[in-house]
Amino acid sequence: MAYIECKLKSQRLLTTVGVKIYLPCDLPVEVGNKVKGVFTLLHGFTNSGDDWMQMTAAPRYAADNGLALVAPDCGNSFYQDMTYGGAWAGFVTEELPVLLREMFHLPAEREKNFIGGLSMGGYGALYLGLSRPDLYAGCASFSGAVDVAMMLEHSHIPGVKEVFEPIFGPDLRLSEASEVRQLAAKVAALPADQQPKILLTNGFQDQEPYYIRYQNDSVDECLRALPLAHYRRLQWDGVHEWNFWDRSLVYAIDDFVNPGYAAKKLNDWAAPVTETGGAPRG
């Protein structure tokens, strides 16, 4: 395996950007010795790409399936081409893939590229995946802040204007091009084989402070009404934390890459434990 921390010079952003990469370059014989696909992982608000490599078992799951992982540092951009800031959408979807393919010969085929993210990155994964169905065969949102309009409605709450004005401008207006419902409707009009697979996950208890469950309820109602070729929403007991997102990634790999993988991991986790030896516990 190889963990690589890059500092890439972006012509779009006019700055260097940190990117964390995992390459399964020592794959076992049964997996094969070539990268089978690329999973771009997007981080949450106030965080960075390091989190995916440090806080989850993402590299181990990637190694199981011959996947490369790419986790860029995108600030608090909500993965937009910001009004007062960087062109992050263009960087992630257009510039970054070209740079990494030149350096690491990662596969370029649509059917081998997937995007997922947590919280802010969950919105980003849906936004970018649905905006560019020509680039990604699957997009997954884990506890995603997927209903940005719902958050913009509460501009009187301290912090909302400060967070979103640099992204969407002083009017805090979400354009149709950034609204996942509108994007999903356009994707639903495509032939089935041109639509990316879509996965949403959220915890039943994930409410404060971002009302994530309710955001996902709202978007889910719309997506279920569309003729999407492959859409799933999974929910279980959980809140806004890393155990939930670790498990969510397993379901995304199962959905997009390796059907049956989640059941295998669940069986691993459910294996009985036998304690032997040692002093009795009183």
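Heavy-atom basis, side chains included; hydrogens, waters and symmetry copies ignored.
- Under the 6.0 Å cut-off for aromatic ring centres, Tyr22 and Tyr3 qualify, their centroids lying closer than that.
- Lys265 and Asp64 get closest at one heavy-atom pair: NZ-OD2, 3.9 Å.
- Looking at Arg181 and Val219, their side chains come closer than 4.5 Å, going by heavy atoms from C-beta outward.
- Checked options Ile4, Val92, Leu41, Leu106; the residue passing with Val70 is Leu106 (criterion: side-chain contact (heavy atoms from CB on, under 4.5 Å)).
- Judged by distance alone, the side chains of Tyr210 and Gln215 never bring a donor and an acceptor atom under 3.5 Å apart.
- Met103 is listed as a side-chain neighbour of Leu8, based on a closest heavy-atom distance under 4.5 Å.
- Looking only at side-chain heavy atoms (C-beta outward), Val148 and Phe164 come within less than 4.5 Å of each other.
- The closest side-chain heavy-atom distance from Phe114 to Thr40 is not below 4.5 Å.
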From CA spacing to verdict: side chain to side chain contact (heavy atoms under 4.5 Å, CB included), Leu135, Thr93: CA-CA 8 Å; Leu135 298 182; Thr93 60; 3.9 Å; yes
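- Although no hydrogens or angles enter the test, the distance criterion places a donor-acceptor pair under 3.5 Å between the side chain of Trp52 and the main chain of Leu42.
- Distance check: Leu249 CG to Leu67 CG gives 9.0 Å after rounding to the nearest 0.5 Å.
- Formation of a donor-acceptor pair under 3.5 Å by the Ser178 side chain with backbone atoms of Leu174 is not found in this model.
- Hydrophobic clustering (side-chain heavy atoms under 4.5 Å, transitive across Ile, Leu, Val, Met, Phe, Trp, Tyr) groups Tyr251 together with Trp242.
- Tyr123 and Phe78 have tilted rings, their planes meeting at an angle from 30° to 60° on a 0 to 90° scale.
- A side-chain donor-acceptor contact under 3.5 Å links Asp81 to the backbone of Gly90.
- A donor-acceptor pair is defined here as one N or O able to donate and one able to accept, closer than 3.5 Å; such a pair exists between the side chain of Gln205 and the backbone of Gly238.
- The two residues Ala68 and Leu23 have their closest heavy-atom pair at CB-CD2, 3.9 Å.
- The hydrophobic cluster containing Ile198 does not contain Leu190, counting ILVMFWY residues as joined when their side-chain heavy atoms lie under 4.5 angstrom apart, directly or transitively.
- Taken from CZ in Phe39 to CG in Asn113, the straight-line distance is 10.5 Å, to the nearest 0.5 Å.
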Test log, rule side chain to side chain contact (heavy atoms under 4.5 Å, CB included), inputs Leu100 and Ile21: CA-CA 10 Å; Leu100 295 182; Ile21 301 167; 3.7 Å; yes
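- Residues Leu172 and Tyr127 fall within the same hydrophobic cluster, defined by Ile, Leu, Val, Met, Phe, Trp and Tyr side chains chained together at heavy-atom separations under 4.5 Å.
- Heavy-atom neighbours of Phe104 CZ from other residues, nucleotides or ligands within 6.0 Å: above the threshold of 12.
- Other residues, nucleotides and ligands contribute over 12 non-hydrogen atoms within 6.0 Å of the CZ atom of Phe168.
- Of the residues Arg213, His240, Gln235, the one that meets the side-chain hydrogen bond (donor to acceptor under 3.5 Å, both in side chains) test with Asp206 is His240.
- Salt bridge status for Lys20 with Asp50: present, with a side-chain N to carboxylate O gap under 4.0 Å.
- Across every non-hydrogen atom of Ala185 and Leu226, the tightest pair is N-CD1, 3.7 Å.
- Counting only heavy atoms from C-beta outward, the side chains of Ile115 and Leu126 never approach each other to under 4.5 Å.
- Using a distance-only test at 3.5 Å, with no hydrogens or angles considered, no donor-acceptor pair links the side chain of Asn258 to the main chain of Tyr261.
- For Arg110 (side chain) and Ala137 (main-chain N/O), no donor-acceptor pair under 3.5 Å exists by modelled atom type.
- In the model, Asp51 has a side-chain atom that pairs as donor or acceptor with a side-chain atom of Asn47 under 3.5 Å.
- At a threshold of 4.5 Å between side-chain heavy atoms, the hydrophobic network of Ile, Leu, Val, Met, Phe, Trp and Tyr places Leu128 and Ile167 in one connected group.
- In Glu221, the CD atom is not crowded: 12 or fewer heavy atoms of neighbouring residues, nucleotides or ligands sit closer than 6.0 Å.
- Around OH of Tyr214, the count of heavy atoms belonging to other residues, nucleotides or ligands within 6.0 Å does not exceed 12.
- Under a cut-off of 6.0 angstrom, the local environment of CD in Glu162 is crowded, with over 12 non-hydrogen atoms contributed by other residues, nucleotides or ligands.
- A cation-pi contact, defined as under 6.0 Å to the ring centre and within 45° of the axis, is absent between Arg12 and Trp88.
- Formation of a donor-acceptor pair under 3.5 Å by the Ser119 side chain with backbone atoms of Gly121 is not found in this model.
- Asp255 pairs in a salt bridge (charged side-chain N to carboxylate O under 4.0 Å, His left out) with only one of the listed residues (Arg233, Arg232, Lys197), which is Arg232.
- Panel note: side chain Asn202, backbone Ser143; no donor-acceptor pair is recorded below 3.5 Å.
- Summarising the geometry of Ser77 relative to Met120, their closest heavy-atom pair is N-SD, 4.2 Å, with the distance given to 0.1 Å.
- Between Arg224 and Asp220 there is a salt bridge, with a side-chain nitrogen of the basic residue lying less than 4.0 Å from a carboxylate oxygen of the acidic one.
- Contact between Ser141 and Val146 at its shortest, heavy atoms only, is OG-CG1, 3.4 Å.
- Rounded to the nearest 0.5 angstrom, Met151 CE and Tyr211 OH are separated by 12.5 Å.
- Within a 6.0 Å sphere centred on CZ of Arg101, heavy atoms belonging to other residues, nucleotides or ligands number more than 12.
- Across Tyr84 and Gly169, no two heavy atoms sit closer than the pair CE1-CA, 4.3 Å.
- Using a 4.5 Å heavy-atom threshold, the side chains of Val38 and Pro107 count as touching.
- Considering only heavy atoms from C-beta on, Leu130 comes within 4.5 Å of Cys139 through its side chain.
- The closest donor-acceptor contact from the side chain of Asp73 to the backbone of Gly49 lies under 3.5 Å.
- Taken from CD in Glu176 to CD in Glu179, the straight-line distance is 8.5 Å, to the nearest 0.5 Å.
- Two residues are said to be in side-chain contact when any heavy atoms from C-beta on lie closer than 4.5 Å; His43 and Leu118 fail this criterion.
- Under the 3.5 Å distance criterion, the side-chain polar atoms of Gln195 are left unmatched by any main-chain donor or acceptor of Pro133.
- Hydrophobic cluster membership is shared by Val250 and Met53, with clusters built from Ile, Leu, Val, Met, Phe, Trp and Tyr side chains linked at under 4.5 angstrom.
- Side-chain contact of Thr201 with Arg247: a donor-acceptor pair under 3.5 Å is absent, judged by distance alone.
- The distance from the OH atom of Tyr231 to the CG atom of Leu223 is 5.0 Å, given to the nearest 0.5 Å.
- Taking CD1 of Ile212 as the reference point, atom CZ of Phe142 lies at 14.0 Å (rounded to 0.5 Å).
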